[in-house]
Amino acid sequence: MQMPRWLKFAIAVLVALSFVPLVVAYRYRQVRKPRPRLHLVFDMDDQSKYKPQEPNDLFADGRAMRPRIDGTVPREEIVGDPELTTGRRADGSFVDAFPVAVDRELLLRGQDRFNIYCAPCHGWDGFGQGVVARRADRLQEGTWVPPTSLHDKTVRERPVGHIYNTIRNGIRNMPAYGPQIPVRDRWAIVAYVRALQRSQNARLEDVPEDRRGTLR
Ligand code: HEC
């Protein structure tokens with residue numbers, strides 16, 4: 001028996017329509033949206049937890065937020081001499097004298113740490129041609145901010161406390177290295193940065209008096 005024309009037509013339309021969800025799903029997988037995708041299975045997106053200031057019966061005082069345990073120190077708290085640990089005086093200005101003794105041992109330590117932590121971007125010599133910077137230059141991504149040359153006049157004229165603060169907290173596009181480099185090593189690096197700067201901008205006064213005669 002022959003299928004009625006309208007039935008053939010209806011089937012063709014239904015088959016065509018059945019592609020619509022597939023096409024829509026495909027399309028939505030391609031476009032970028034600020035909101036997360038529709039979630040059918042929530043996985044661990046939504047977990048029960050206590051928020052600050054909420055009550056919690058588990059503790060005798062009924063508070064979810066726990067008071068600080070004796071002897072613990074919050075990360076942002078200044079421990080010890082602030083000039084040593086922050087590079088700033090009480091009035092907030094940067095110190096311009098080293099709060100640690102600068103000797104050969106400190107400089108060698110600074111060289112060692114600088115070559116690990118800073119040279120990848122700033123280069124062994126501080127001119128800003130480290131491997132990371134060179135690679136970023138090659139990729140030409142446009143969003144890359146090149147590392148400042150440490151021999152720039154502005155950096156040379158920064159007080160030591162400012163450079164210390166740059167290591168500790170980062171500056172503009174440079175990340176903070178405080179969490180990775182302990183206080184004494186930060187000063188060691190600052191001392192080494194000064195040595196690098198001096199190596200490119202030496203003055204006659206830097207040469208011991210009895211050796212000045214040998215210079216031309
Ligand atoms: C991941 C790359 C990177 C590393 C590693 C890095 N820096 Fe930088 N540094 C930068 C960039 C980028 C800038 C420029 C930031 C800007 O201008 O936005 C900069 C700027 C600076 C400046 C100039 C800041 C000023 O006074 O204007 C100093 C000083 C400096 N860095 C020191 C260091 C020292 C010391 C280390 C090692 C502890 C270090 N940097 C590690 C990328 C880096």
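Both ligands and their constituent atoms are indexed starting at 1 by order of listing. Index from 1, following the sequence.
For N173, a nitrogen or oxygen atom sits less than 3.5 Å from a nitrogen or oxygen atom of ligand 1, counting backbone and side chain alike.
The backbone N or O of Q200 lies less than 3.5 Å from no partner atom in the side chain of H151, so there is not a single donor-acceptor pair.
Evaluation of the side chain to side chain contact (heavy atoms under 4.5 Å, CB included) rule for A191 yields F98, V102, L106, L107 as partners, not counting sequence neighbours. Applying the side-chain hydrogen bond (donor to acceptor under 3.5 Å, both in side chains) criterion to R66, with sequence neighbours excluded, gives D61.
The number of heavy-atom neighbours closer than 6.0 Å to CD of E105, taken from other residues, nucleotides and ligands shown, is 12 or below.
When non-hydrogen atoms are compared, ligand 1 lies under 4.0 Å from the side chain of I167 (C-beta onward) but not from its backbone. Of all the heavy atoms of I189, the ones lying under 4.0 Å from any atom of ligand 1 belong exclusively to the side chain. Neither the backbone nor the side chain of V132 has a heavy atom within less than 4.0 Å of ligand 1. Only the side chain of R158 comes within 4.0 Å of ligand 1, judged by heavy-atom distances.
Comment: K153 engages E157 in a salt bridge, judged by a side-chain N to carboxylate O separation of less than 4.0 angstrom. A salt bridge links D206 and R203; the closest N-O separation between the charged side-chain nitrogens and carboxylate oxygens is under 4.0 Å.
In the hydrophobic cluster analysis, where Ile, Leu, Val, Met, Phe, Trp and Tyr join through side-chain heavy atoms closer than 4.5 angstrom, W124 is grouped apart from Y117.
Atom 5 (C) of ligand 1 has its closest protein heavy atom at Y177 OH, 2.9 Å. Annotation: atom 28 (C) of ligand 1 to nearest protein heavy atom, L150 CD2, 3.6 Å. Looking only at protein heavy atoms, the nearest one to atom 16 (C) of ligand 1 is R172 NE, 3.4 Å.
For the ring pair (Phe, Tyr, Trp, His ring centres under 6.0 Å) with W187, the qualifying choice from F114, Y164, Y192 is Y164, the only one to do so.
Less than 2.8 Å away from atom 8 (Fe) of ligand 1, the protein contributes these N/O/S atoms: H122 NE2, M174 SD.
Taking the six-membered ring where the residue is Trp, F94 and H162 present perpendicular rings, their angle passing 60° and hence far from 30°.
Residue pairs meeting the side chain to side chain donor-acceptor pair (under 3.5 Å) criterion with at least one partner in residues 169-179, sequence neighbours excluded, are N165-N169.
Atoms of ligand 1 found under 4.0 Å from any heavy atom of Y117 (numbered from 1 in listed order, with element): 5 (C), 37 (C), 41 (C). Listed by atom number, the atoms of ligand 1 under 4.0 Å from V145 heavy atoms are 12 (C), 16 (C), 18 (O).
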